[in-house]
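These notes concern the structure reproduced below.
Atom set for the values below is all heavy atoms of this structure, side chains included, hydrogens, waters and symmetry mates excluded. Every chain is numbered from 1 and lettered A, B, ... according to where its sequence line falls, protein lines coming before strand lines.
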Number of protein chains: 2
Amino acid sequence: MRLQLTRNQQKVLDYLKQEIKENKISPSLRTAAAELAISHAAVAQTFKALEDKGYIRREGRYSRTLHILDDVGDLHIAQRQKQIPVIGRITAGLPMYARQEWEGSLLVDAKIYPGQNLFALKIQGNSMKNAGILDQDLAICEPRQYAHNKEIVVALIHHEEATVKRFFLHPDFIELRPENPDFRSQQYEFDEILIQGKVIGIVRGPKGLEI
Amino acid sequence: MRLQLTRNQQKVLDYLKQEIKENKISPSLRTAAAELAISHAAVAQTFKALEDKGYIRREGRYSRTLHILDDVGDLHIAQRQKQIPVIGRITAGLPMYARQEWEGSLLVDAKIYPGQNLFALKIQGNSMKNAGILDQDLAICEPRQYAHNKEIVVALIHHEEATVKRFFLHPDFIELRPENPDFRSQQYEFDEILIQGKVIGIVRGPKGLEI
DNA sequence: GACAAATGTCAATATGAATGTAAATGTTTT
DNA sequence: AAAACATTTACATTCATATTGACATTTGTC
């Protein structure tokens with residue numbers, strides 16, 4: 001069990017939790033100082049005490065990032081939730097994030113999926129079966145306009161059709177390779193393909209596991 | 001919730017919205033620079049900041065198309081977050097929540113994974129590869145002491161070894177079938193097997209997708 | 001297709017404001 | 001007396017902003 005907090009430390013910790021919940025980011029020392037009606041150095045000292053007692057963790061020197069810890073030493077839930085849009089249809093010309101294209105949003109664990117502006121895409125078909133990606137899975141993607149060899153990417157073919165495949169760059173063409181012997185690898189000219197993102201995770205719900 | 005904008009970034013975003021509304025297309029860097037009375041590179045930097053914070057999205061490299069993004073909209077997240085324990089080792093006695101067996105916790109979307117007392121289990125090995133379950137995946141499980149045919153279950157063999165396999169009940173034995181030709185299906189007496197749960201989902205992080 | 005103009009990108013650099021750190025010191029609480 | 005709490009001041013670092021100039025790419029026009 002952790003050391004107990006003094007009344008003042010508890011007050012500051014509560015304030016911090018509140019602020020982080022609202023703004024997703026910890027307030028600056030001076031902002032906190034103003035709201036708590038004390039000096040910024042006093043806040044710094046209390047933060048230090050909280051860190052020593054294992055209630056928060058701060059990163060690096062001069063860094064403004066601060067995490068609130070669980071009693072197990074884990075990140076507090078408030079900082080782990082990440083809401084990402086589930087994109088229904090990927091298009092080039094049209095705004096990909098326009099609300100019309102949304103199929104809702106998905107809540108994921110920020111501890112597992114780092115990165116910003118992630119989006120999710122519902123997989124159609126079984127062309128990536130052997131990579132463990134099945135029909136109806138949700139692919140968690142990180143926006144990217146480029147790709148490295150062997151990465152699994154979200155690509156837009158002919159500015160129209162969106163697909164998830166493994167990416168290979170050859171001297172004079174791009175190969176999008178499925179992971180399923182029933183499908184053929186396809187080759188494209190450079191101007192036929194637009195990379196939209198890299199797949200960094202998979203979420204499969206109960207429906208994907210039905211018999 | 002997106003990160004807050006600075007006053008300058010807000011000003012540029014407002015200007016952008018205005019321009020796009022009027023001309024249906026975003027202004028060039030130098031046009032914007034002229035109207036905002038700063039250099040074109042400064043505009044580019046602010047655009048980049050806006051993109052990082054998730055307020056706009058720009059397509060491709062050297063493309064002039066830019067989209068204003070909607071907010072993900074934060075309603076009812078509170079009810080959707082579900083924190084479930086990641087079990088390190090499954091034991092028979094069923095004090096599954098005993099502290100020593102913890103490997104942390106996982107935040108999932110309650111909308112996708114309904115049910116109570118769910119737990120997660122880290123998959124070891126590739127015996128279920130053809131069912132789209134890979135090594136190091138996190139299997140989301142619902143506690144259960146029974147199973148139906150063809151369901152993928154968490155079973156305890158000889159009160160010791162925990163395994164994830166497809167379940168088949170035969171007249172005088174239980175079959176636990178892997179989904180990988182490299183592994184053999186196994187048969188057990190009824191008293192050798194204890195069903196501990198049913199797999200209702202899969203969560204795979206970036207590590208599970210590395211090359 | 002060729003060429004020039006317009007446009008986006010990148011790197012290096014600079015500056016002021018905001019911010020975190022540290023030290024010295026005093027006050028209150030326990 | 002010791003710990004917690006607080007202040008003031010000086011300093012170091014980071015961030016947002018901005019500039020300039022060279023360069024790559026796209027677009028429009030002939």
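Distance, B/Q9 CD to D/dA18 P: 10 Å, rounded to whole Å. Atoms CG (A/L36) and C1' (D/dA6) sit 13 Å apart, rounded to a whole Å. In this entry the distance linking OH of A/Y146 with P of C/dC10 reads 11 Å, nearest Å. If you measure from atom CD1 of B/I56 to atom P of C/dG8, you get 12 Å, rounded to the nearest angstrom. The nearest whole Å value for the distance from the OH atom in B/Y62 to the C1' atom in C/dG8 is 6 Å. In this structure, the CG atom of A/L50 is 18 Å from the P atom of D/dA3, given to the nearest Å. Following rounding to the nearest Å, A/R64 (CZ) and C/dA17 (C1') show an atom-to-atom distance of 10 Å. Put simply, NZ on B/K53 is 8 Å from P on D/dT17, counting in whole angstrom units.
With hydrogens and angles ignored, a donor-acceptor pair closer than 3.5 Å exists between the side chain of B/H40 and the base of C/dT9. Contact annotation: side chain of A/Q45 to base of C/dT21, donor-acceptor pair absent below 3.5 Å.
A/A42 comes within 4.0 angstrom of a nucleotide base, judged by non-hydrogen atoms across all strands. Residue B/I38 is in sugar-phosphate contact alone, with no base atom involved, counting any heavy-atom pair closer than 4.0 Å across all strands shown. Across all strands shown, A/A41 has heavy atoms under 4.0 Å from base atoms, whether or not it also approaches the sugar-phosphate. Nucleic acid contact for B/S39: base, since at least one base atom lies under 4.0 Å from a heavy atom of the residue. As judged by a 4.0 angstrom heavy-atom cut-off over every strand, B/R7 is placed among residues making no nucleic acid contact.
Counting only heavy atoms from C-beta on, B/L29 has its side chain closest to C/dG8 among D/dA12, D/dC5, C/dG8.
Distances shown here put every side-chain N or O of B/N8 at or beyond 4.0 Å from the OP1 or OP2 atom of D/dA16. Residue A/T6 places none of its side-chain N or O atoms closer than 4.0 Å to OP1 or OP2 of C/dT29.
When only modelled atom types and interatomic distance are considered, A/S185 and A/R166 share no side-chain donor-acceptor pair under 3.5 Å. The closest side-chain donor-acceptor pair between B/D14 and B/Q18, if any, does not fall under 3.5 angstrom. Looking only at atom types and distance, the side chain of B/K53 has a donor-acceptor partner in the side chain of B/Q9 under 3.5 Å away.
At a threshold of 4.0 Å, the pair B/E142-B/K198 does not count as salt-bridged, since none of the basic side-chain nitrogens sits closer than that to a carboxylate oxygen. Here A/D182 does not pair with A/K129 in a salt bridge; the nearest charged N to carboxylate O distance is not below 4.0 Å.
In this structure, B/T46 and B/R30 both approach DNA chain D, and ranking their closest nucleotides by distance from the 5' end singles out B/T46.
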